[in-house]
Amino acid sequence: RPRRVFRGLDIGDSRAPQLAGGACEGYKRRVSNTAFFVRSENGFVATPYTRGPWDMNAQHGGPPAALLARALECAGERADAFMVARLTFELLRPVPIGLLQVHVEPIKLGRTVERWRASLTASGVEVLQVTALRILRRTSGRSNLSDEPWPAPETLPDLKLNFFRW
């Protein structure tokens with residue numbers, strides 16, 4: 001079976017660079033034949049699987065958005081204590097298929113809420129930026145919901161709304 005080579009990276013080789021992703025604590029897995037990105041020394045190399053339908057040299061918006069979302073999810077020393085509540089994406093230009101750099105920086109770090117910004121650059125030009133709102137995870141284990149089962153719908157009284165008058 002011939003090996004698949006993408007821009008000098010043999011993605012069938014077990015010594016190939018690690019795939020982007022995994023747990024924030026450094027979980028890594030080997031590159032599969034369908035990876036969207038391959039880690040390199042200078043960032044991430046987009047594979048042909050990121051190609052969009054509009055331009056043969058540009059990516060679909062999903063893979064680069066997911067790359068930055070993951071970077072924001074894992075950013076900072078207290079990443080495991082927070083969860084992402086909102087992401088706002090801005091595609092500034094077509095994202096080329098090739099080498100990309102990820103930059104992540106905090107905007108405001110609070111005790112229970114954090115704001116972060118990430119950008120994706122290609123050849124020094126910013127092509128995508130994302131802002132994230134992260135909130136502290138609940139650690140008490142308590143819930144506002146009762147442990148009692150919910151009543152069956154047929155046992156509930158009829159709902160009468162007074163504002164429908166005709």
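For the numbers below, each heavy atom of this structure counts, side chains included, while hydrogens, waters and symmetry mates do not. Since this is a predicted model, take the numbers as computed values, not measurements.
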Exercise for the section: Could you tell me which non-hydrogen atom of Ile97 sits nearest to which non-hydrogen atom of Thr47, and how far apart they are? Expected result: CG2-O, 4.0 Å
Completion exercise
For Ala35 and Tyr49, the nearest pair of non-hydrogen atoms, with its separation, is O-CD1, 3.6 Å
Problem - Contact check, side chains of Pro53 and His60, non-hydrogen atoms, under 4.5 Å - result: yes
Practice task
For residues Leu109 and Trp116, determine if any side-chain heavy atom of one lies less than 4.5 Å from a side-chain heavy atom of the other.
Solution key: yes
Fill in the blank from the handout: When rounded to the nearest 0.5 Å, the distance separating CZ of Arg78 from CG of Leu136 is 7.0 Å
Practice task
Evaluate the side-chain proximity of Thr88 to Val130: yes if any heavy-atom separation is below 4.5 Å, no if none is.
Solution key: no
Handout entry: Pair Thr121-His103, side-chain donor/acceptor within less than 3.5 Å
Key = yes
Fill in the blank from the handout: Taken to the nearest 0.5 Å, the spacing of Leu156 CG from Trp150 CH2 works out to 10.0 Å
Exercise for the section: Kindly indicate whether the side chain of Phe44, heavy atoms from C-beta on, has any atom under 4.5 Å from the side chain of Leu67. Expected result: yes
Practice task
Flag the pair Arg137 and Glu114 as a salt bridge only when some basic side-chain nitrogen lies within less than 4.0 angstrom of an acidic carboxylate oxygen.
Solution key: no
Practice task
Count the heavy atoms of every other residue, nucleotide or ligand shown that sit under 6.0 Å from CD of Glu41, and state whether that count exceeds 12.
Solution key: no
Practice task
Kindly say whether Phe36 contributes a backbone atom to a donor-acceptor pair with the side chain of Thr50 at under 3.5 angstrom?
Solution key: no
Handout entry: Hphob cluster co-occupancy, Met83 + Leu133, side-chain heavy atoms under 4.5 angstrom
Key = yes
Handout entry: side chain to side chain contact (heavy atoms under 4.5 Å, CB included) partners of Val84, counting only residues at least two apart
Key = Glu73, Leu87, Arg134
Fill in the blank from the handout: Rounded to the nearest 0.5 angstrom, the OG-CG distance for Ser119 and Leu92 is 9.0 Å
Problem - Check: Gln129 side chain, Glu90 main-chain N or O, donor-acceptor pair, under 3.5 Å - result: no
Practice task
Drop me the distance from Arg117's CZ to Leu68's CG, to the nearest 0.5 angstrom.
Solution key: 10.0 Å
Completion exercise
Result for side chain to side chain contact (heavy atoms under 4.5 Å, CB included) between Leu128 and one of Leu120, Leu100, Val102 points to Leu120
Problem - From Phe37 atom CZ to Leu99 atom CG, the distance as rounded to the nearest 0.5 Å - result: 11.0 Å
Problem - Single-linkage hydrophobic cluster Phe89~Leu72, side-chain heavy atoms < 4.5 angstrom - result: yes
Problem - Nearest non-hydrogen partners of Gln59 and Pro96, listed with the distance - result: NE2-O, 3.0 Å
